[in-house]
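Scroll down for the structure; my scribbles are underneath it.
In what follows, every heavy atom counts, from backbone to side chain, and hydrogens, waters and symmetry copies are set aside. Keep in mind that this is a model prediction, so the values were computed, not measured.
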Amino acid sequence: MIYDLRIAIFAALGVAVVRADDSAWRVWLEPKFMHAPVAVSLADAQKTQIAAGMLSEDGFRSFTKVEFAALGVSREVFHSVAVLNASIDLRSADFRFVRDRRGIISYGVVESRQPRVASAVLAPGFLGLWKETLGDAVLVVVPNRFTAFVFPRLASDYMDYAPMVFRAYRDTAYPVSAEVFAVSADGWRCIGAYAEP
């Protein structure tokens with residue numbers, strides 16, 4: 001199904017050839033200090049960007065500018081295919097809810113043994129997973145490539161979880177960010193960052 005969607009996107013954008021290796025294309029959230037050669041900014045983010053590259057046996061690998069140019073596709077085409085590929089990462093992740101003492105959901109957790117959550121959160125179906133429980137718009141923080149925390153946008157006490165977020169940020173070889181993003185049908189926008197506890 002994802003392959004069929006890629007073909008449809010290429011056809012709609014006027015690209016005649018679907019490359020055999022495009023299934024490895026990925027975009028993922030990456031800290032700016034990693035200086036990914038091919039990256040795009042997120043609205044209002046100071047420390048996080050979206051990197052472009054591929055998924056290899058060793059994990060995500062950023063493209064150099066020369067490698068990206070050699071693909072022969074626009075950034076829009078690449079991004080469209082890469083986020084569809086992120087759906088594979090989303091399906092392989094584990095999901096759970098954390099509830100308060102009254103049994104009310106406080107937040108959701110997305111986890112994976114593979115460092116692919118930073119890509120999975122960009123998949124087209126990510127927001128829809130939370131609609132019935134957390135609402136049409138959510139707050140997302142991705143402290144490392146293995147973990148994302150998802151909070152309700154309204155009536156959320158997400159700032160109380162700074163120690164948890166910083167623990168997940170520090171205890172990994174693949175940190176991403178302590179910035180908080182409002183995610184809705186309009187896209188991703190940074191609304192702030194957790195302060196050091």
Does [X] have more than 12 heavy atoms from other residues, nucleotides or ligands lying within 6.0 Å of its [atom1]?
X	atom1	result
Phe68	CZ	yes
Met159	CE	yes
Leu154	CG	no

> How far apart are the C-alpha atoms of Val150 and Leu134, what are their side-chain angles, what is the distance that settles it, and do they pass the side-chain contact (heavy atoms from CB on, under 4.5 Å) test?
Replying inline: CA-CA 8 Å; Val150 184; Leu134 301 179; 3.7 Å; yes
[X] to [Y] - nearest heavy-atom pair and separation:
X	Y	value
Trp28	Ser62	CZ2-OG, 3.6 Å
Ser119	Phe60	CB-CZ, 3.4 Å
Phe33	His35	O-CD2, 3.0 Å
Val183	Leu127	O-CD1, 3.7 Å
Phe97	Gly108	CD2-CA, 4.0 Å
Ala120	Asp89	CB-C, 3.8 Å

> Who passes salt bridge (Lys or Arg N to Asp or Glu O under 4.0 Å) against Arg99, sequence neighbours left out?
Replying inline: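 So Arg99 forms no salt bridge (Lys or Arg N to Asp or Glu O under 4.0 Å) with any residue.
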>> Please enumerate all residues that pass salt bridge (Lys or Arg N to Asp or Glu O under 4.0 Å) together with Asp100, with sequence neighbours excluded.
In response: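 Salt bridge (Lys or Arg N to Asp or Glu O under 4.0 Å) check on Asp100 returns Arg102.
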> Would you call Arg113-Asp94 a salt bridge at under 4.0 Å N-O?
Replying inline: no
Residues 36-55 side chain polar contacts: donor-acceptor under 3.5 Å, at least two apart:
| unit_1 | atom_1 | unit_2 | atom_2 | d |
| --- | --- | --- | --- | --- |
| Thr48 | OG1 | Ser177 | OG | 2.7 |
| Thr48 | OG1 | Glu179 | OE1 | 2.6 |

> Hydrophobic cluster mates of Val66, side-chain heavy atoms under 4.5 angstrom, ILVMFWY only, any path?
Replying inline: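 Result for Val66 is none, singleton.
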List the atom pairs, with distances to 0.1 Å, where a side-chain N or O of residues 137-146 and a protein N or O form a donor-acceptor pair under 3.5 Å, not counting sequence neighbours.
| unit_1 | atom_1 | unit_2 | atom_2 | d |
| --- | --- | --- | --- | --- |
| Asn144 | OD1 | Phe146 | N | 2.8 |
| Asn144 | OD1 | Thr147 | N | 2.9 |
| Asn144 | OD1 | Thr147 | OG1 | 3.1 |
| Asn144 | ND2 | Ala168 | O | 2.7 |
| Arg145 | NH2 | Glu30 | OE1 | 2.9 |
| Arg145 | NH2 | Glu30 | OE2 | 3.4 |

>> For the CZ atom of Arg75 and the OG atom of Ser80, what is their distance to the nearest 0.5 Å?
In response: 13.5 Å
>> With rounding to the nearest 0.5 angstrom, report the OG to CZ distance, Ser112 to Arg91.
In response: 13.0 Å
> Applying the 4.5 Å side-chain criterion to the ILVMFWY set and letting contacts propagate, would Leu129 and Phe181 be lumped into a single cluster?
Replying inline: yes
> Same cluster or not: are Val109 and Phe166 linked, directly or through other Ile, Leu, Val, Met, Phe, Trp or Tyr residues, by side-chain heavy atoms under 4.5 angstrom apart?
Replying inline: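 Yes, Val109 connects to Phe166 through the hydrophobic network.
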>> Run Tyr194 and Tyr169 through ring pair (Phe, Tyr, Trp, His ring centres under 6.0 Å) and show every step you take.
In response: CA-CA 11 Å; Tyr194 284 95; Tyr169 179 78; over 10 Å; no
> Passes side-chain contact (heavy atoms from CB on, under 4.5 Å), Arg61 versus Glu67? Steps please.
Replying inline: CA-CA 11 Å; Arg61 185 181 68 76; Glu67 287 173 325; 3.1 Å; yes
>> side-chain contact (heavy atoms from CB on, under 4.5 Å), that's the test. Do Phe78 and Asp22 meet it? Break it down for me.
In response: CA-CA 9 Å; Phe78 179 86; Asp22 68 352; over 6 Å; no
> Checking side-chain contact (heavy atoms from CB on, under 4.5 Å) for the pair Ile191/Arg189: CA distance, chi angles, key distance, verdict?
Replying inline: CA-CA 6 Å; Ile191 60 167; Arg189 183 178 58 83; 3.5 Å; yes
> Considering residues at least two apart in sequence or located in another chain, which fulfil the ring pair (Phe, Tyr, Trp, His ring centres under 6.0 Å) criterion with Phe151?
Replying inline: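 Ring pair (Phe, Tyr, Trp, His ring centres under 6.0 Å) check on Phe151 returns Tyr107, Tyr161.
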